[in-house]
Number of protein chains: 2
Amino acid sequence: MSYQLLKENIRRNVNFSDMQIDEICSFFNTKTVKKGEYLLTQGSICKFEGFVTKGCFRIFIIDTKGNENILYFAAEDWWLIDTDSFMNQTPSDLYFQALEDSEVLIIQKADKERLYDQLPLVEKLFRIMSQKALAAWQKRLIRNHCLTAKERYQYFLNTYPNIASRITDRQIAGYLGITHEFLSKIKSKSLKN
Amino acid sequence: MSYQLLKENIRRNVNFSDMQIDEICSFFNTKTVKKGEYLLTQGSICKFEGFVTKGCFRIFIIDTKGNENILYFAAEDWWLIDTDSFMNQTPSDLYFQALEDSEVLIIQKADKERLYDQLPLVEKLFRIMSQKALAAWQKRLIRNHCLTAKERYQYFLNTYPNIASRITDRQIAGYLGITHEFLSKIKSKSLKN
DNA sequence: CAGGATTGTTGAACTTGTTCAATTTTTTCC
DNA sequence: GGAAAAAATTGAACAAGTTCAACAATCCTG
């Protein structure tokens with residue numbers, strides 16, 4: 001059951017009954033995405049939220065200099081959301097790209113609104129999820145200010161070993177906000193110690 | 001009425017009745033804070049959330065190298081929250097310091113929980129507020145990766161002229177994640193153009 | 001208004017990270 | 001399995017940002 005992971009994810013955030021969680025899950029549909037394919041591209045309006053049950057995605061933006069800047073990776077048990085575009089229904093700045101053959105549980109914007117109406121308790125779930133995410137983003141910004149590239153790289157390896165081992169160094173560099181050449185130099189210096 | 005600003009702030013986020021908004025506001029109490037004083041210090045548990053009605057605060061962290069890193073400024077109409085410490089009731093990493101004589105509307109943790117119980121609609125308010133904040137933090141991280149210090153400085157001046165004009169350059173440098181010496185050099189170079 | 005404290009400015013030397021280009025290694029896919 | 005593509009490595013020159021120290025300007029506060 002690919003819904004098992006979603007149910008556990010919800011249960012970790014709120015104390016809902018099995019029936020309520022089943023009802024929430026019934027609003028989601030499975031979608032498979034092949035390696036390299038996009039679930040969202042820059043300029044389109046994000047009409048869904050996703051929860052990854054298999055595979056891995058990168059959520060990135062292409063800046064004015066043409067660099068691919070990675071906001072985050074979403075492997076199993078991660079949410080795949082462009083909060084800004086989904087909330088305001090404005091064109092997205094982001095790309096969601098599968099880095100492996102993947103499977104995602106999708107809820108459409110209109111269905112999510114029906115869900116909020118039908119089960120107001122769900123507001124609490126997404127309130128808590130958003131607050132946790134907010135706290136995590138604030139900590140990440142602080143790390144970006146306080147740590148060197150090497151320290152951020154080591155933090156990433158320690159914190160997300162399961163993701164780090166599956167993706168290329170180019171992707172990691174894009175996440176850390178450095179060039180892949182510099183990441184390579186960091187690694188070779190580390191080995192000499 | 002210092003509650004007027006809070007009411008408008010809530011109304012901008014959700015479409016509640018006047019009575020509901022009044023009820024929410026009744027959970028908040030006014031607190032004055034003198035310039036230089038702290039509302040929260042590193043190591044203590046954040047037991048309140050605040051909404052600034054007068055003055056200006058800086059929310060900062062002191063890192064292992066002793067640098068003061070500013071997460072954000074909260075002037076009138078801004079919320080003063082340590083999401084992580086408030087949510088988990090764990091010791092805070094942050095300091096809330098008044099940069100001017102200030103006035104804040106405060107809601108205590110226990111009262112906020114009563115408010116959620118009494119008026120479940122409030123979940124929606126804070127769900128939306130958190131999602132907006134989340135989107136803003138993601139964009140800020142992208143700016144930190146994609147823009148140079150000079151570009152971030154100009155963005156700050158353009159986006160928050162009301163705050164920029166009230167605080168010292170040292171504070172701005174702490175927000176941008178650069179040294180105040182370098183900010184000074186950026187400014188002198190800009191003038192030569 | 002005097003004077004101590006904080007803030008801002010400037011320069012020189014230094015560190016961190018970038019750019020570009022060439023080469024090697026690994027992966028992909030027919 | 002072999003060719004093409006993508007990823008990783010390395011070096012040299014460069015740009016961005018830091019550090020430290022000295023000095024000037026401003027702002028409190030008694």
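Lettering of chains follows the sequences in order, A, B, ..., and the numbering in each one begins at 1.
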Side chain of [X], heavy atoms from C-beta onward: which of [options] has the nearest atom to it?
| X | options | result |
| --- | --- | --- |
| A/S184 | D/dA7, C/dT10, D/dT9 | D/dT9 |
| B/T148 | C/dG17, D/dT9, D/dG17 | D/dG17 |
| B/R152 | C/dG17, D/dT9, D/dG17 | D/dG17 |
| B/D169 | D/dG17, C/dG17, C/dG8 | C/dG8 |

- Message: Students often get this wrong, so: under 4.0 angstrom with heavy atoms, is B/K35 touching a base, only sugar-phosphate, or nothing?
- Response: sugar-phosphate
Measure [atom1]/[X] against [atom2]/[N] and give the value in whole Å, please.
| X | N | atom1 | atom2 | result |
| --- | --- | --- | --- | --- |
| A/K189 | D/dT10 | NZ | P | 12 Å |
| B/L176 | D/dA16 | CG | P | 16 Å |
| A/Q171 | D/dA7 | CD | P | 7 Å |
| A/N144 | D/dG17 | CG | C1' | 15 Å |
| A/L183 | C/dT19 | CG | C1' | 16 Å |
| B/N67 | D/dC20 | CG | C1' | 14 Å |
| A/F182 | C/dT15 | CZ | C1' | 10 Å |
| B/H180 | D/dA22 | NE2 | C1' | 13 Å |

- Does the distance from a Lys or Arg side-chain N to an Asp or Glu carboxylate O, for B/E113 and B/K109, drop under 4.0 Å? yes
- Message: Can you tell whether the side chains of B/D117 and B/R114 come within less than 4.0 Å, N to carboxylate O?
- Response: no
- Item | 5'-most by nearest nucleotide on DNA chain C - A/E181 or A/L147 | A/L147
- Message: Looking at B/T179, I'd like to know whether one of its side-chain N or O atoms comes within less than 4.0 Å of OP1 or OP2 on D/dG17.
- Response: no
- Query: Quick check: are there more than 12 heavy atoms from other residues, nucleotides or ligands sitting under 6.0 Å from NZ of A/K65?
  - Reply: yes
- Parallel, tilted or perpendicular: which describes the rings of A/Y175 and A/Y160, with under 30° parallel and over 60° perpendicular? perpendicular
- Message: Main chain of B/E103, side chain of B/T53: is a donor-acceptor contact present, judged purely on distance under 3.5 Å?
- Response: yes
- Task: Report yes if a donor N or O on one partner sits less than 3.5 Å from an acceptor N or O on the other, where the partners are the side chain of A/K185 and the base of D/dG11; otherwise report no.
- Result: yes
